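Inspection log for the structure reproduced underneath, given as structure tokens.
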There are 2 protein chains.
Amino acid sequence: MSSMAAMPNPHVSADCAASDVVPDLSTVWLRVFVEVARHGSFTVAARTLGWTQSAVSRQVSSLEGALGGAPLFDRLPRGVRLTEAGRVLVPYAEAVAETLRGAGRELAALRAVAGGRLRFGAFATADAALVPHALAVFRTRHPHVAVHREEGFTPALLERLTAGHLDLAVVSTTSGDLPTAAYTLHHLLDESLYVAVPAGHPLAAGRGPVRLGLLADADWISGGRGPEGTLLDAALRQGFRPRIVHVVGEWTAKQGYVAAGLGVTLVPALAAASVRPDVALLPVLDEGGPARAVYAATARGRSLPPAAEAFVGVLRESAARIPRAARTMA
Amino acid sequence: MSSMAAMPNPHVSADCAASDVVPDLSTVWLRVFVEVARHGSFTVAARTLGWTQSAVSRQVSSLEGALGGAPLFDRLPRGVRLTEAGRVLVPYAEAVAETLRGAGRELAALRAVAGGRLRFGAFATADAALVPHALAVFRTRHPHVAVHREEGFTPALLERLTAGHLDLAVVSTTSGDLPTAAYTLHHLLDESLYVAVPAGHPLAAGRGPVRLGLLADADWISGGRGPEGTLLDAALRQGFRPRIVHVVGEWTAKQGYVAAGLGVTLVPALAAASVRPDVALLPVLDEGGPARAVYAATARGRSLPPAAEAFVGVLRESAARIPRAARTMA
DNA sequence: GGTCAGGGATGCGACAAGCGAATGTCTAGC
DNA sequence: GCTAGACATTCGCTTGTCGCATCCCTGACC
């Protein structure tokens with residue numbers, strides 16, 4: 001309310017700069033009223049707005065009518081002057097204009113990925129290397145985006161996606177059985193598998209790629225009671241049903257079991273970098289197609305927040321940066 | 001933004017109560033957007049607004065267009081859901097709605113004289129009894145009006161009125177020469193005059209009304225160097241030019257001079273109540289019309305703030321309450 | 001004091017925005 | 001596969017509102 005006391009230069013009025021940022025939510029009467037109040041003249045305000053005087057006159061008149069008939073301006077021979085009612089309205093009008101400008105700014109920031117939020121989830125081994133790297137890049141490029149991260153298994157993540165709690169989920173599938181009807185899948189990478197064996201294991205000497213069938217009789221350590229839906233369904237695809245002797249969810253714990261010689265287990269390539277020295281990793285030959293595919297999933301039919309869109313791109317870059325050796329060995 | 005989480009009862013939505021207080025500044029798109037966001041459905045929002053679904057659909061669509069084409073809602077089979085852009089817009093829309101409601105409330109308060117401001121001025125003797133009483137009544141009836149009071153001589157007050165610094169001025173004239181073209185005059189009262197003489201003065205014995213001519217040869221104490229434009233032009237109207245021996249502006253000081261026997265002076269009826277005991281007041285017989293007229297003046301062509309309008313009424317009441325004896329003795 | 005200029009109000013014609021009704025399209029659920 | 005619910009779209013028409021021209025009023029100037 002102090003900014004409009006005396007403004008000799010109409011060109012610096014705040015809305016001309018905002019008009020390309022804010023696509024004019026200003027609701028006509030608001031702009032007209034503020035402009036007239038600023039200049040104390042219908043004619044000058046009309047010129048400023050690029051309208052005719054009669055249009056301004058009628059706009060003000062209908063605004064006064066909508067406000068119960070109380071005049072907002074006294075019509076004087078030399079222009080107009082705010083009445084008490086008009087004087088009361090000014091700060092509100094300016095507050096509304098400022099709020100709308102703020103909305104425009106924030107929406108523009110949203111489009112430019114300089115604001116808004118990103119809520120995503122990822123499965124554990126994606127968090128070993130892929131996601132941290134992508135996140136670091138993303139935060140550097142878009143520091144003003146509020147990031148919310150969750151960790152979880154693929155089914156749970158997809159459920160959170162459906163419920164609208166996540167914008168994006170980094171998920172994996174060993175069998176390509178993701179419900180593609182409900183989600184859009186952005187392919188990130190296909191990763192090969194490793195078999196983790198104790199350092200002294202006979203196969204560890206060769207260090208070369210192995211057929212999974214060679215381990216058909218081994219004791220297996222798995223994340224689930226059955227092989228279905230876990231990495232071990234790769235074994236099913238190669239024709240044997242592994243004997244699961246220990247169910248261990250946590251990767252660090254799994255390594256401990258393997259190192260102790262209690263069994264062998266499968267390790268996705270994304271987790272291969274973080275293996276303890278007394279465990280040996282042997283590449284598994286892909287005989288039944290890629291062992292595991294990693295996707296960025298988004299809810300189909302729901303528009304992607306700009307930040308999520310950008311994050312998909314960054315994830316793709318990060319996936320491409322993963323060493324060739326860690327990816328599918330075809 | 002918390003109030004819209006789950007609102008099963010659409011009848012308590014805030015705008016139905018406000019719609020008669022606020023004559024709908026809400027700019028259509030604002031109400032539509034908020035209503036749709038609240039209900040998560042175009043159809044339900046349309047029912048709430050008393051419109052058809054197609055109208056809501058097009059309103060939202062054109063709003064999205066005006067915002068650069070970014071969808072505000074995801075259209076789902078079971079209704080709609082805010083996108084990130086829509087989620088960002090919600091608090092702004094609610095802030096705007098609240099601001100507009102506030103404006104409506106304050107304008108309504110203004111009409112009901114439960115808000116706004118009253119800026120008035122009065123000449124000194126009006127401040128002796130008339131204005132304080134009126135002001136006390138006014139503040140009791142309209143406690144939320146911000147009152148700004150000034151004191152000054154009639155010409156200065158009228159100038160302030162013209163400049164727009166005052167809404168109302170309590171002014172007086174001894175000759176009816178107020179520029180009625182520029183002001184609207186609300187007649188309050190015609191007051192008679194008293195002659196103040198020392199308690200031991202010969203005329204004080206009778207205590208009855210006196211002709212001013214009896215004091216043609218007295219020493220006079222006046223507020224100005226000449227009688228014109230002051231109370232003493234009543235003497236001019238009665239045919240003599242008083243000899244002014246002391247120029248004293250302040251009424252208390254004047255009394256001191258009179259009590260000391262240095263001269264006599266005229267006292268307007270409004271100030272008669274505050275006279276010291278060693279000064280006697282003698283009514284002056286009205287021979288040339290009312291001695292002094294008191295008006296509430298407002299600037300012509302400028303609309304009166306409701307508070308000023310109300311104050312004129314209160315001033316009229318207060319003037320009518322002044323004892324008959326203090327008013328014109330015809 | 002008469003004329004002129006500045007400024008707001010208003011009548012008129014026309015264009016465009018926006019509403020209602022009806023219809024189309026898509027999805028979920030049975 | 002069919003039905004129901006929900007949003008999008010099309011069509012016709014009402015309504016709002018702009019520009020243009022003109023009128024009215026007031027203050028200034030000659």
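Throughout, a chain's letter reflects where its sequence line sits, starting with A, and its residues are numbered from 1. Here the structure is a predicted model, which means the values were calculated and not measured.
A donor-acceptor pair shorter than 3.5 Å cannot be found between the side chains of B:Thr83 and B:Arg87.
Remark: A:Glu151 CD is packed, more than 12 non-hydrogen atoms of other residues, nucleotides or ligands lying under 6.0 Å away.
For C:dA9, the OP1/OP2 oxygens have a side-chain nitrogen or oxygen of A:Arg75 closer than 4.0 Å. For A:Ser41, a side-chain nitrogen or oxygen approaches OP1 or OP2 of C:dG8 to under 4.0 Å. Here A:Ser57 reaches the OP1 or OP2 of C:dA9: one of its side-chain N or O atoms lies under 4.0 Å away. Residue A:Thr43 places at least one side-chain N or O closer than 4.0 Å to OP1 or OP2 of C:dG8.
Computed from coordinates, the B:Arg47 CZ to C:dG20 P distance equals 14 Å when rounded to whole Å. One can place CZ of B:Phe42 at 14 Å from C1' of D:dT9, the figure rounded to the nearest angstrom. Per the geometry, CZ belonging to A:Arg31 stands 11 Å off P belonging to D:dC18, to the nearest Å. A:Asp74 places its CG atom 15 Å from the C1' atom of D:dC25, with the value rounded to the nearest Å. Distance B:Arg302 CZ to C:dG8 P: 15 Å, rounded to the nearest Å. Between A:Leu63 atom CG and D:dG16 atom C1' the separation is 15 Å, expressed in whole Å. The CH2-P distance, from B:Trp29 to C:dG18, rounds to 13 Å in whole Å.
Each ring-ring contact (aromatic ring centres under 6.0 Å, His included) pair with one or both residues in residues 79-121 of chain B, not counting sequence neighbours, appears once here: B:Phe120-B:Phe311. Every pair tested for salt bridge (charged side-chain N to carboxylate O under 4.0 Å, His left out) that includes a residue from residues 42-51 of chain A fails, sequence neighbours excluded, so the list is empty.
Contacts of A:Val56 with the nucleic acid, taken as non-hydrogen atoms under 4.0 Å apart, are absent.
Residues that satisfy the side-chain hydrogen bond (donor to acceptor under 3.5 Å, both in side chains) test with A:Gln53, not counting sequence neighbours, are absent from this structure. With sequence neighbours left out, B:Ser303 forms a side-chain hydrogen bond (donor to acceptor under 3.5 Å, both in side chains) with A:Asp74. Applying the side-chain contact (heavy atoms from CB on, under 4.5 Å) criterion to A:Thr184, with sequence neighbours excluded, gives A:His186, A:Thr298, A:Arg300.
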Show the distances under 3.5 angstrom between N or O atoms of the protein and N or O atoms of nucleotides 21-30 of chain C.
unit_1: C:dA21; atom_1: N6; unit_2: B:Ser54; atom_2: OG; d: 3.3

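Closest to the side chain of A:Gln59, out of D:dC18, C:dG18, C:dG8, is D:dC18.
Residues B:Trp51 and A:Ala55 both approach DNA chain C. Their nearest nucleotides, taken by heavy-atom distance, put A:Ala55 toward the 5′ side.
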